[in-house]
Number of protein chains: 2
Amino acid sequence: MPRIDVEWLGRDLLGRWSERRLAGRAKAADPKYQRIPNQTMEEHRERVFEQMGHLSDDGAVRVAFPESVGGASDHGGNIAGFEELFLADPSLQIKSGVQYGLFAAAIMHLGTQDHHERLLPGAVDLTVPGAFAMTEKGHGSDVASVGTTATYDVDREEFVVHTPFPGAKKEFLGNAAIHGKAAVVFAQLITQGVNHGVHAFYVPVRNDAGELLDGIESHDDGFKNGLNGIDNGGFTFTQVRIPRNNLLNRYGDVTADGTYSSPIDSPGRRFFTMLGTLVQGRVSLDGSAVVASKAALSIAIRYALQRRQFNASSDTREELLLDYRSHQRRLFTRLAKTYAMSYAHEELLHHFHGVFSGEEDTPENREDLETLAAGLKSLSTWHGLDTLQECREACGGAGYIAENRFGLWYEDLDVYTTFEGDNTVLLQLVGKRLLGDFAKQFKGASAASLAQFAAKEFAGRAAAQVGLHVMRQDLHDFGSPAKASLELRNTKFQQELFSDRVETMVADIASRLRKAPRDDQAKAAAMFNNEQNQLLEAARAWTELQQLNALNRALERMEGETLQIMTYVRDLFALTVIEEHAGWYLENGRLSGQRSKAVTSTIERLLQRLRPHAADLVDAFGYGDEILRSPIATDAEGERQRDASEYYDRLRASGEFPVTEKELRERAKREAKAAEQAEGAESAAV
Amino acid sequence: MPRIDVEWLGRDLLGRWSERRLAGRAKAADPKYQRIPNQTMEEHRERVFEQMGHLSDDGAVRVAFPESVGGASDHGGNIAGFEELFLADPSLQIKSGVQYGLFAAAIMHLGTQDHHERLLPGAVDLTVPGAFAMTEKGHGSDVASVGTTATYDVDREEFVVHTPFPGAKKEFLGNAAIHGKAAVVFAQLITQGVNHGVHAFYVPVRNDAGELLDGIESHDDGFKNGLNGIDNGGFTFTQVRIPRNNLLNRYGDVTADGTYSSPIDSPGRRFFTMLGTLVQGRVSLDGSAVVASKAALSIAIRYALQRRQFNASSDTREELLLDYRSHQRRLFTRLAKTYAMSYAHEELLHHFHGVFSGEEDTPENREDLETLAAGLKSLSTWHGLDTLQECREACGGAGYIAENRFGLWYEDLDVYTTFEGDNTVLLQLVGKRLLGDFAKQFKGASAASLAQFAAKEFAGRAAAQVGLHVMRQDLHDFGSPAKASLELRNTKFQQELFSDRVETMVADIASRLRKAPRDDQAKAAAMFNNEQNQLLEAARAWTELQQLNALNRALERMEGETLQIMTYVRDLFALTVIEEHAGWYLENGRLSGQRSKAVTSTIERLLQRLRPHAADLVDAFGYGDEILRSPIATDAEGERQRDASEYYDRLRASGEFPVTEKELRERAKREAKAAEQAEGAESAAV
């Protein structure tokens, strides 16, 4: 039997920043960073705040910052290490994410030299715990519409930060309820009677004694569904004055006399550039969700390799959970997706590093990075929740005990789907980008002619394919599931199915939107609304294509038996996704009915082929007992099973094993039959 | 515009046991029964134990029991009231479920008159808190294989209850860690050297001072993912002696001299009869999951009717969340399913009452009841989790704050998917029943001929339909989506699609299993394993058919505008399910590609049609603020939106509204253009 080279695969998965990733992982194995279940919110918050001190002492949290504040300007490595902190305690991860990835990062990316010298050291050495005050009660995803104002007072050369109505209160901010001493506040910059849009301001909020400063109120969001180690809350500002130079002025500045200037002329592009500096949050959540999925699958698969339940193939030995085909389907399809997402994330991290290190920092690359981060983060955080829940259920009651980790991870990961960008909103951004790119292909052509072209092109193509494509498939397969299966496992065929789906969906939407009137905002909006669900599907399809491509590129590095088995994983990923969208492929004539059925039967065969490699595939993730800290992932269950077997074997050997009523009946039947036959033989003999 | 008669629909949804249901609901609105978030496990356990006393004083928990212990033998009414307790605190619900629905119910259903007189009063008046000791560390779903033994000692006329190996420890039992004074213990009954299979025994475990009795050890499962108001734990028995008459002997007895007897001859049927008495747990979880879904949708839809986000159709007014088509799809498809599940549950409750009251108690009815309960409970508990998560996300960050309920409900409901029968195992039972019924149709015929018949019948039908059926559809629709849509909304057509799917899947599986050898257990098991995923799908399809039928039967009671709007709900339910299985319908030629596309477009239109009725559809559930206790379901958000609007309106009116940079640029452009034109006009004039 071929075997995976687990060591090689493990190293490959660790990726480019393996050392920083391993250092993060070592923290997850260190009790001082670990969560203690069943603490009250108050105890948990205090513990996490203490742990923040340890993190600061350790220094790894600084690596993304410049050398002037003890860092190494290592953007990718910083994120790689950060992601693994999830397994220590997601509250610690996110609390440190607020401090370094949002508060300090905003000072770095949105501020200029004065801020880097004056404000960054305190943020980075944790003498100034800070909040990132973007979201408001009334505006989450729609940051451009926040209500908080920062109005320049030319006489005193100060900005006046103000909350004009209750919906403009800053809300859901980590560090706001208790620990924050300052905040980066996003507010509408108003000077000389003009609103220049949302900018970031550095606002001190508490003194060293922890008392709120004048004009600042804070509230506590209290108990949450998870992440209760973080003191989320909000601020209300009443005419709070800050010096002019507390405007983080990299993308927009105000001179002493109140004149506004910006290196970016377009207010729209300026706003998106400012927000774009915060993409690292999304990048890191994508990776954290992958970490969570890997850890959950490690536990559930190890348990399923020990746990036995129900006799099926023998009267004396129960089946391993992982030998049930339904259990394989539940876990292996998610394992394959996790591999695809892991490799897609590693590529995202490279991309992110290229842009943020300045090595590959172009507007196009930034835009690509943001699109990719939006798509991948959405799918991986949803996948993480789905995987945690499935693994929990796959471990039954034992999965529900907190020490086995699934539930507490789920509660914490839950909010990853809506913070740092709500997944649905993010996918809509991806979808709009796809529509924009589609339109760009036809730049120069008039809107009408483009639309007509697209409509004809794709309508024709679709119509032709429904017949021809499908007929060709059936001709090729000629009723042979094996032939169909071979084709379905073909790299090119898979890629075509994935990319064709994206292109066709986008073109279809674009062609329907071609009639949207430019001069009737309400009507255009209504037409766009009609396409919203399809656009979200197209964005999902595009992201899945990126995952497939990343997995294929990883396969190019592999060889021999590892390549062979990882190709099964790739096939399982591709066919699982294709099966999920079977309706679309059939409706649009991309798969014949026969071949679509072969998708399912091929998946079933792949599950069997991967069964012997399940342990290796999770071992390659590199999570040992010291990190998983889950009793059911250890040998404990196997030991119990062996104890039980030994007990029954001993009893059987001793002759004291009570016969079952069923056996007794069968024995009686056999004896009666024998007696009858004997009697018959006797009478015959007579 | 037509309107739903909300009052009528509300009464209809309350069902046959409306008074008991309303009484349960009133408890959910009573602070003394409500959960206090952010308590430690220890505090929460104590609170729930106290609440148990209030429940006992109230008396409703007794209604399922005989009048001799203060009850009313009202089985259906008892469950209806019990289900609503979920909204007070699921821990309280399940703790009382353990006491009355399992511990006391086992005494009632598995015991006889002596037990009813001697043991039931203490169980019902709560002087004896009890555990239901069925599950073991090593065996959850496979109850027949539990390791605990109860061996009859003829000399002392006692049973000796014993845990022979660590995997046989009783596990995950409510009341075991702290409060239980007795337990109903499931153990292998051994007498005269014969094992008669699993029976239930009444075993005292703690004295009145709460100290464990001799030979009994208990352990505490500690912190769980949810339901932390319950003291789950386990017992280990070391040669614990109980009197002979503590065997709950309705279905199996042992005389003083050790002779075993049972009114049910077959050990297999006896076992399933004993387990069958516990079906009420599954029935009540089905209803509780429906309650959770209704409450979650009430909150999310009310919030989406107030919350605005992003400008789309106008520059000055943001859109209501519920006007986004994606938001409608997320919430309304789940709303339609919840309606179907609610009516299916009400029918299940009638069925349950008929059997347990003795009015319709036949073996066939019992079997049907168990199958229906297994299918409905599986789908509704999964649906409940899915709905809670979707609603949480649909409310963004606010959905993550504990006071808005979703998260704490999710954590508690989670385990409903695996306790009282693991959903996957339950669906497998449903699937096996479908296979059995299929085989019964051909009783008398040999296995081989049956299989051949089935294979031909269905293969032929499928082949014919792929072509004919689909061609007929396309001919009928003739490229008209409106025609296709009309057909898709036809009751009969929907029912055919649902039932055809079940029949075909079952027949296909049966025909593939026809070659399973009777004399090779391992090979037969392997063949069955190959079909496992398909069988689970068939079970799901059958359950969905039951849901559709129940919803249709409810529609028969409706009239006028209510009927019209509820027919949209039914259509949305049916088409959502059909869309989920579009791949199957297309692969098997039940839908043409055109008509399958019309499924999606019809769903989109139904979402629009239901939009004006969203508030009514959740109002009919009958959950007001006093029960939901969710700030975002009140008018608070609407008030904030109005405040914000007023602020901006006032500012605009005052002339002090700062102009935006964008407006300023556009104004400058217009002025430049006007100046140019003026200049042009001038030069022309010259």
Side-chain angles (χ1 to χ4, degrees), chain A residues 37-38 40-41 138 140-142 147 164-167 172 190 193-196 221 223-225 267 309-310 312-313 324-326 329 393 396-397 400-402 407 411 415 417-418 422 424 466 521-522 525 529 532-533 536 582-583 586-587 593 596-597 640 643-644 647 658-662 664, chain B residues 37-38 40-41 138 140 142 147 164-167 172 190 193-197 221 223-225 267 309-310 312-313 324-326 329 393 396-397 400-402 407 411 415 417-418 422 424 466 521-522 525 529 532-533 536 582-583 586-587 593 596-597 640 643-644 647 658-662 664:
Chain A
N38 193 24
T40 60
M41 176 180 79
S141 298
D142 186 7
F165 48 83
F172 307 138
I190 299 165
V194 178
N195 180 346
H196 292 277
D221 289 332
F223 199 55
K224 304 187 297 293
N225 298 353
Q309 207 76 175
F310 289 106
S313 56
Y324 289 103
R325 191 65 51 75
S326 65
R329 196 178 241 271
E393 292 180 31
Y400 198 61
I401 304 301
E411 295 163 18
V415 79
T417 61
T418 55
D422 174 271
T424 302
V466 171
Q521 187 181 354
N529 202 17
Q532 197 183 25
N533 286 312
L536 293 172
L586 286 151
E587 275 174 14
S596 181
K597 282 185 180 181
R640 274 193 297 273
D643 277 348
Y647 164 79
V659 62
T660 68
E661 203 182 317
K662 198 178 149 203
L664 208 64
Chain B
N38 192 24
T40 60
M41 176 179 80
D142 185 7
F165 48 84
F172 306 138
I190 298 166
V194 178
N195 180 347
H196 292 277
D221 289 333
F223 200 55
K224 304 188 298 294
N225 298 354
Q309 207 75 173
F310 288 106
S313 56
Y324 288 103
R325 191 65 51 74
S326 66
R329 194 178 242 270
E393 292 179 33
Y400 197 62
I401 305 300
E411 295 164 17
V415 79
T417 61
T418 55
D422 174 272
T424 302
V466 171
Q521 189 182 352
N529 202 17
Q532 199 184 22
N533 286 312
L536 293 172
L586 285 152
E587 275 174 14
S596 181
K597 283 185 179 180
R640 273 192 297 273
D643 277 347
Y647 163 79
V659 63
T660 67
E661 203 183 316
K662 198 177 149 203
L664 208 61

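Chain letters run A, B, ... following the sequence lines, proteins first, then strands; residues in each count from 1.
Chain B forms the most heavy-atom pairs under 4.5 Å with one residue out of A:Val415, A:Asp643, A:Leu664, and that residue is A:Val415. Each of A:Gly140, A:Pro37, A:Ala644 has some count of heavy-atom pairs under 4.5 Å with chain B, and the biggest count is that of A:Ala644. Your options are B:Asn529, B:Ile190, B:Thr424, and the one with the most heavy-atom pairs under 4.5 Å with chain A is B:Asn529. Considering only heavy-atom pairs separated by less than 4.5 Å from chain A, the leading option among B:Val659, B:Thr40, B:Asn38 is B:Asn38. Counting heavy-atom pairs under 4.5 Å between each of A:Gly396, A:Pro267, A:Ala525, A:Gly593 and chain B puts A:Pro267 at the top. Top candidate by heavy-atom pairs under 4.5 Å with chain A, chosen from B:Lys662, B:Gln521, B:Lys224, is B:Gln521. Chosen from B:Gly407, B:Ser596, B:Ser326, the residue pairing most often with chain A at heavy-atom distances under 4.5 Å is B:Ser326. Ranked by non-hydrogen atom pairs under 4.5 Å with chain A, the options B:Gly147, B:Gly138, B:Gly197, B:Gly167 are led by B:Gly138.
Between the side chains of A:Thr418 and B:Glu393, not a single donor N or O lies within less than 3.5 Å of an accepting N or O.
For A:Phe310, the parts sitting under 4.5 Å from any heavy atom of chain B are the backbone and the side chain alike. Contact annotation for A:Phe223: both backbone and side-chain heavy atoms come within less than 4.5 Å of a heavy atom of chain B. Only the side chain of B:Tyr647 comes within contact range of chain A, with at least one heavy atom under 4.5 Å from a heavy atom of that chain.
Taking 4.5 Å as the limit, some side-chain heavy atom of B:Ile401 sits within range of a side-chain heavy atom of A:Phe172. In this structure, A:Leu586 and B:Glu587 have side chains that are in contact, with non-hydrogen atoms separated by less than 4.5 Å.
Here the CD atom belonging to A:Gln309 is positioned 9.5 Å from the CG atom belonging to B:Asp422, to the nearest 0.5 angstrom. Summarising the geometry, atom OH belonging to A:Tyr400 is positioned 9.0 Å from atom OG1 belonging to B:Thr417; distances are rounded to the nearest 0.5 Å.
Of all heavy-atom pairs between A:Ala582 and B:Gly583, the closest is CB-CA, 4.0 Å. The minimum heavy-atom distance linking B:Val194 with A:Thr660 is given by the pair CG1-C, 4.2 Å.
Listed for the B:Gln532 side chain is a donor-acceptor partner under 3.5 Å among the backbone atoms of A:Arg325.
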